[in-house]
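All remarks here apply to the structure that follows.
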Amino acid sequence: MKNDQKLHIAVIGSGGAAMAAALKATERGARVTLIERGTVGGTCVNVGCVPSKIMIRAAHIAHLRKESPFDAGISAAAPEVDRAKLLQQQLARVEELRDTKYEKILREHKDITVLNGEARFLDTNSLLVTLAEGGEKPVHFDRAFIGTGARPAEPPITGLADTPYLTSTSALALDTVPKRLIVIGAGFVALELAQAFARLGSKVTVLARSRLLSSEDPAIGEAIDAAFKREGIEVLSQTLPSNVDYSDNEFIVETPAGTLRADQLLVATGRTPNTEDLNLASIGVETSRDAIQVDEHLQTTVPGIYAAGDCTNQPQFVYVAAAGGSRAAINMTEGEAKLDLSAMPGVMFTDPQVATVGLSEAEAVARGYSVDTRLLDLENVPRALVNFDTQGFIKMVAERNSGRLLGVQIVAAEGGEIIQTAVMALRAGLTVQEIGDDLFPYLTMVEALKLCAQTFTKDVKQLSCCAG
């Protein structure tokens, strides 16, 4: 088939969702025009997952050199941190991954045409692109996909907008470590960066509107609060700033706890979808608080126009975005695919990490389940004991009569590595009895899942090592 006879799909954006949609669509015989107004690659590779995890890892190494469970036998010393050099290393890896995973693919793909510019809908079958190089170009399409992502939100705090506060994006680009840092926010992004800066040398204060990780099981927030306090990170709960000022290179933050001062202020209270310039309302694409509303097939309220990722009402994880983009492409090319988020893992890369899947106890009860739960402290996990790192727990939520697993919440140093086993167990419909009876390698952290499952019927304190 000639290229101009192929189904034509316009893809707006070039992040995780957009790239997945573009590649799957061409794999299924379509041709794609991809429009990007900024840097190719979207949030994850440029200003999100990749640079943040590099910084978090560097901070973890700095922390271990200063303090570890084995300091009695291995000498420790506070390291000298050269943030500028760490930033160079971070940026080099980001550029490498952006080129390898995004730019190179787009350059070499015969069925994808890239336009650098800003797109807005004219009607349900055409866009107008304001080109970065000047001029405008109309794009007519058979189907359209929106993957424009999101940006850091600005909360309505008096005076904040007039100050040079940091977002997650600009915080990751800092080439110095502030002596004093205030973090407004208590979600994944806020807490990851708060701990990273503290471990690199900042005196950090976290301001939480209610409590840490208020949308999670309360035990999770309590565990992270305790971990932060052990590291000297101050956490002020029920503390919403009333005013922010900036004078003489210093932030002055008025709060119910008093006046706080810092060299830098990081605001990480959520993200706002990048949809306001697309002209969506005029063509009937429904949004709520700027988030595009999509169904289980990733279709918007307008037939033939699809969306996925952070610009939609879906959970803001890049793997959800990519999965949504891929499934949307199948549906745009006459296929049939749904995005099933019933076993969606979530991970926060603090230390200890937080990892969850399925329903919390409160969510399960709210849905009408009769539940049975167990919480296993890591002091009962052999691997945690030999690591001399027992902060955290595993919690399992099961249906009371059947024993079927409904959800898992983990706070552990390797929580992100453990959770996928729980994901597979949940998706397979396993019971806690089946998990407890299965073989798990001894002296691994994932064995904690087996031990927690066994606590539904046994006292694991009375089991020998690796007892089946």
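The figures that follow rest on heavy atoms only: side chains count, while hydrogens, waters and symmetry mates do not. Predicted model, so just to flag it, every value in this text is computed and none were measured.
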Hey, is the main chain of Asp377 close enough, under 3.5 Å, to the side chain of Asn380 for a donor-acceptor pair?
-> yes
Under the side-chain hydrogen bond (donor to acceptor under 3.5 Å, both in side chains) test, which residues partner Tyr319, sequence neighbours left out?
-> none
Between the side chains of Glu336 and His297, does any donor sit under 3.5 Å from an acceptor?
-> yes
Name all residues meeting the side-chain hydrogen bond (donor to acceptor under 3.5 Å, both in side chains) criterion together with Lys179; count only those two or more places apart in sequence or in a different chain, and write none if there are none.
-> none
Within the side chain of Thr431, is there an N or O that forms a donor-acceptor pair under 3.5 Å with the backbone of Glu434?
-> yes
Do NZ/NE/NH1/NH2 and the carboxylate oxygens of Arg211 and Asp225 come within less than 4.0 Å?
-> no
Hey, are Arg374 and Asp372 close enough for a salt bridge, meaning a charged N less than 4.0 Å from a carboxylate O?
-> yes
What salt bridge (charged side-chain N to carboxylate O under 4.0 Å, His left out) pairs are there with at least one residue in residues 181-195, not counting sequence neighbours?
-> Lys53-Glu192
Sidechain N-carboxylate O distance under 4.0 Å for Asp290, Arg151 | no
Applying salt bridge (Lys or Arg N to Asp or Glu O under 4.0 Å), name anything that partners Glu96, two or more places apart in sequence or on another chain.
-> Arg93
Excluding sequence neighbours, so at least two apart, what forms side-chain contact (heavy atoms from CB on, under 4.5 Å) with Glu379?
-> Thr390
Using side-chain hydrogen bond (donor to acceptor under 3.5 Å, both in side chains) as the criterion, list what pairs up with Asn387, not counting sequence neighbours.
-> Arg383
Donor-acceptor contacts, no H, no angles, side chain residues 402-425, under 3.5 Å, sequence neighbours left out:
{"unit_1": "Ser402", "atom_1": "OG", "unit_2": "Glu399", "atom_2": "OE1", "d": "2.7"}
{"unit_1": "Ser402", "atom_1": "OG", "unit_2": "Arg404", "atom_2": "N", "d": "3.1"}
{"unit_1": "Gln409", "atom_1": "NE2", "unit_2": "Leu359", "atom_2": "O", "d": "3.1"}

By salt bridge (Lys or Arg N to Asp or Glu O under 4.0 Å), Asp217 pairs with (sequence neighbours left out) Lys395
Relative to each other, are the rings of Phe388 and Phe70 parallel, tilted or perpendicular (30° and 60° limits)?
-> perpendicular
Validation row, ring centre Phe145 to ring centre Tyr306 under 6.0 Å = no
Hits for salt bridge (Lys or Arg N to Asp or Glu O under 4.0 Å) against Arg83, two or more places apart or cross-chain, chain-then-number order -> none
Pairs meeting criterion side-chain hydrogen bond (donor to acceptor under 3.5 Å, both in side chains) with involvement of residues 39-50, two or more places apart | Thr43-Arg271, Asn46-Arg98
Carboxylate-amine/guanidinium contact Lys450 Glu447, below 4.0 Å = no
Those residues at least two apart in sequence (or on a different chain) that pass ring-ring contact (aromatic ring centres under 6.0 Å, His included) with Phe197 are none
Determine, for Glu108 against Lys104, whether the closest basic-nitrogen to carboxylate-oxygen distance falls under 4.0 angstrom.
-> yes
Salt bridge (Lys or Arg N to Asp or Glu O under 4.0 Å) partners for Arg180, two or more places apart = Glu250, Asp263
